[in-house]
Amino acid sequence: MQDVFDQPIIKCNDLTVKYGNFVALDGFTVEIKPGCTGLLGPNGAGKTTFIKTMLGFVSPKSGSVWVLGHDAGRPNREMRQVVGLMPEQDCHIPGIPAVRFVAYAGELAGMPANEALRRAHEVIEYCGLGEARYRPVETFSTGMKQRIKLAQALVHGPKVLLLDEPTNGLDPHGREAMLKLIRDISASRLVHVIICSHLLKDIERTCDQVVMIQRGRLVADGLIADLIRLDGQPIDIELREAVPAFNEAVERFGGSILSHESYHLRVTLPVPADRIATTLYGMAAETGAEIRLFAIARKSLEDAFLEAVH
């Protein structure tokens with residue numbers, strides 16, 4: 001029997017969405033696995049359209065989207081109850097306190113009023129806004145508005161959480177606080193998170209996997225660890241100082257020096273991963289070199305993204 005955590009939470013098959021003559025999604029097909037997923041693509045790639053289609057806000061010209069077994073083409077209360085949305089644009093209602101705003105979002109998702117209010121207090125506290133719960137949302141700072149948007153997306157206990165540019169407009173401290181919340185939410189694997197962002201560093205720090213979109217089409221998807229892996233598993237080494245004898249030892253051992261700049265080297269060695277440390281330190285002892293650090297070389301997520309879209 002297939003593990004429940006291996007089954008896709010979202011299935012999208014040959015999805016085409018048009019705005020007039022403009023094709024926003026063009027035969028888009030993907031399966032999103034459980035966990036925390038980054039939705040990447042340049043402006044106008046179709047990311048927000050994909051989110052709106054998942055929520056039933058946009059009707060596709062053809063194709064289908066299924067969210068946790070619910071047909072997004074036929075939106076209903078049951079589907080809305082398992083999905084939470086943190087939109088990119090501010091969505092507060094002027095003149096009402098934050099706790100009432102979040103409770104109202106819960107009621108819209110079908111929660112009884114008393115339960116929605118109780119839950120609103122809980123998620124506001126969780127999002128770090130406990131002391132500001134009775135303040136009108138329009139008086140909040142940008143960082144506080146982002147967190148109250150997250151609170152209203154969480155209030156009804158969704159199983160899938162859609163975050164559209166969650167760190168938009170935040171200073172470094174606020175950005176770090178938001179990323180910490182996202183990591184905490186997805187860590188239990190009880191809530192599956194999809195982050196739509198153009199900040200690849202945020203995706204790399206929070207997500208297990210990514211879906212890359214270009215001009216409405218899927219260009220790459222999979223685990224981040226697989227997408228940033230380099231062929232041959234090269235090793236980056238930093239020595240205390242350049243030691244030519246160490247370079248010679250690498251080649252004598254059957255390895256290759258892919259790049260060499262002063263005391264920084266990128267090499268390949270014909271040994272399994274669990275013997276790399278022993279082999280390197282043996283060569284260092286033999287040649288008098290001092291290794292400051294070494295690590296399996298990887299490309300950045302930005303490099304992987306640029307390769308995919310170009």
Side-chain angles (χ1 to χ4, degrees), residues 9-10 30 32-52 54-55 83-91 123 126-129 140-154 158-214 218-230 295 297-310:
I9 58 170
I10 294 169
V30 72
I32 297 179
K33 298 291 184 65
C36 191
T37 302
L39 196 58
L40 295 177
N43 290 336
K47 305 185 300 295
T48 300
T49 295
F50 181 41
I51 287 178
K52 290 179 178 178
M54 280 192 283
L55 292 165
V83 178
L85 170 67
M86 176 183 174
E88 179 180 5
Q89 304 299 325
D90 287 345
C91 60
V123 293
Y126 174 72
C127 291
L129 294 170
F140 282 9
S141 66
T142 299
M144 294 169 72
K145 286 179 179 177
Q146 289 294 91
R147 280 182 279 161
I148 204 67
K149 285 195 293 185
L150 178 60
Q152 64 81 33
L154 288 170
K159 294 180 180 178
V160 176
L161 185 62
L162 305 176
L163 309 178
D164 197 354
E165 301 291 354
T167 59
N168 192 29
L170 299 184
D171 60 26
H173 176 73
R175 178 167 167 256
E176 184 59 41
M178 179 60 70
L179 295 178
K180 183 177 182 297
L181 277 170
I182 294 170
R183 287 194 299 267
D184 186 61
I185 290 166
S186 65
S188 67
R189 301 194 77 180
L190 297 177
V191 180
H192 309 295
V193 181
I194 297 175
I195 305 174
C196 177
S197 177
H198 66 282
L199 299 176
L200 276 72
K201 290 291 185 184
D202 289 359
I203 297 296
E204 202 162 5
R205 290 179 60 188
T206 54
C207 296
D208 313 303
Q209 55 215 2
V210 293
V211 172
M212 299 182 183
I213 305 176
Q214 169 80 332
L218 177 71
V219 293
D221 69 312
L223 295 173
I224 291 177
D226 292 338
L227 292 170
I228 65 176
R229 182 178 292 119
L230 289 169
R298 302 189 185 281
K299 55 189 169 185
S300 68
L301 183 59
E302 181 177 3
D303 290 337
F305 174 69
L306 291 175
E307 287 178 15
V309 299
H310 292 300

Asker: State whether the side chain of Lys52 and the backbone N or O of Lys47 hold a donor-acceptor pair below 3.5 Å, judged by distance alone.
Answerer: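 Here the side-chain-to-backbone pair does not exist.
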Asker: Could you tell me whether the side chain of Asp208 and the main chain of Cys36 form a donor-acceptor pair under 3.5 Å?
Answerer: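 Confirmed, Asp208 side chain pairs with Cys36 backbone.
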Asker: Could you check whether any side-chain N or O of Gln209 sits under 3.5 Å from a backbone N or O of Pro34, counting only pairs where one atom can act as donor and the other as acceptor?
Answerer: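 Pair found, side chain donor or acceptor close to backbone of Pro34.
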Asker: Find the distance between CD (Glu204) and CD1 (Ile228) and round it off to the nearest 0.5 Å.
Answerer: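 CD1 of Ile228 is found 5.5 Å from CD of Glu204.
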Asker: Quick one: pull up CG in Leu179 and CD1 in Ile195 and give me the separation to the nearest 0.5 Å.
Answerer: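 Going from the CG atom of Leu179 to the CD1 atom of Ile195 covers 7.5 Å.
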Asker: A side-chain contact here means heavy atoms from C-beta on lying under 4.5 Å apart; do Phe50 and Leu162 qualify?
Answerer: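 No, side chains not in contact.
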Asker: Show the nearest heavy-atom pair for residues Cys127 and Leu154, with the distance to one decimal.
Answerer: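 Heavy atoms only, the tightest pair is SG-CD1, 4.4 Å.
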Asker: Take Leu55 and Val83 through the test side chain to side chain contact (heavy atoms under 4.5 Å, CB included) and record every step on the way to the result.
Answerer: CA-CA 8 Å; Leu55 292 165; Val83 178; 3.5 Å; yes
Asker: Less than 4.5 Å apart, any side-chain heavy atom of Pro42 and any of His198?
Answerer: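 Pro42 does not reach His198 side chain to side chain.
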Asker: How long is the gap from CD on Glu88 to CD on Gln146, to the nearest 0.5 Å?
Answerer: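 Atom-to-atom, Glu88:CD and Gln146:CD are 9.0 Å apart.
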Asker: Tell me, do Ser186 and Thr206 make a side-chain contact under 4.5 Å, heavy atoms counted?
Answerer: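 No, their side chains stay 4.5 Å or more apart.
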Asker: Minimum heavy-atom separation for Val160 and Ile194, please, with both atom names.
Answerer: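 Taking every non-hydrogen atom into account, CG1-CD1, 4.5 Å.
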Asker: Which heavy atom in Ser197 sits nearest to a heavy atom in Ile203, and how many Å separate them?
Answerer: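 Shortest heavy-atom separation between Ser197 and Ile203 comes out as CB-CD1, 4.0 Å.
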Asker: Any side-chain heavy atom of Lys33 within less than 4.5 Å of one from Ile10?
Answerer: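 Result no, sub-4.5 Å side-chain heavy-atom pair not found.
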Asker: A quick test of your reading: do over 12 heavy atoms of other residues, nucleotides or ligands sit less than 6.0 Å from CG of Asp226?
Answerer: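 Atom CG in Asp226 is crowded, with more than 12 foreign heavy atoms closer than 6.0 Å.
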Asker: More than 12 non-hydrogen atoms from neighbouring residues, nucleotides or ligands closer than 6.0 Å to CD on Glu302, yes or no?
Answerer: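 Counting other residues, nucleotides and ligands, CD of Glu302 stays at 12 neighbours or fewer.
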Asker: Would Thr167 and Asp202 count as having a side-chain donor-acceptor pair, cut-off 3.5 Å?
Answerer: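 Short answer, yes.
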Asker: Using salt bridge (Lys or Arg N to Asp or Glu O under 4.0 Å), reason through Glu165 and Lys149 one step at a time and then give a plain yes or no.
Answerer: CA-CA 11 Å; Glu165 301 291 354; Lys149 285 195 293 185; over 6 Å; no
Asker: Taking all heavy atoms of Pro158 and all of Gly84, pick out the closest pair and write down the distance.
Answerer: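 Closest heavy-atom pair between Pro158 and Gly84: CB-N, 3.4 Å.
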Asker: Working to the nearest 0.5 Å, report the span between CG of Leu163 and CE of Met178.
Answerer: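 Here the interatomic distance stands at 8.0 Å.
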Asker: Indicate yes or no: at least one non-hydrogen side-chain atom of Pro166 is less than 4.5 angstrom from one of Leu150.
Answerer: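 Not in contact.
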Asker: Starting at CG of Leu161, measure out to NE2 of His192 and round the result to the nearest 0.5 Å.
Answerer: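 Here the rounded value is 11.5 Å.
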Asker: Taking all atoms of both residues into account, what is the closest heavy-atom pair of Ile185 and Tyr126, and its distance?
Answerer: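 Nearest pair, atom of Ile185 first, then Tyr126: CG1-OH, 3.4 Å.
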Asker: Applying side chain to side chain contact (heavy atoms under 4.5 Å, CB included) to Thr37 and Cys207, what does each step give before you reach the verdict?
Answerer: CA-CA 5 Å; Thr37 302; Cys207 296; 5.8 Å; no
Asker: State, yes or no, whether a side-chain contact exists between Asp221 and Val210 at a heavy-atom distance under 4.5 Å.
Answerer: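 The answer is no, as the side chains (C-beta and beyond) never meet within the 4.5 Å cut-off.
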Asker: Please give me the minimum heavy-atom distance between Leu170 and Arg175, naming the atom from each residue.
Answerer: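 So the two residues come closest at CB-N, 3.7 Å.
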Asker: Look up atom CG in Asp164 and atom CD1 in Ile51, then write down how far apart they are to the nearest 0.5 Å.
Answerer: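 Those atoms lie 4.5 Å apart.
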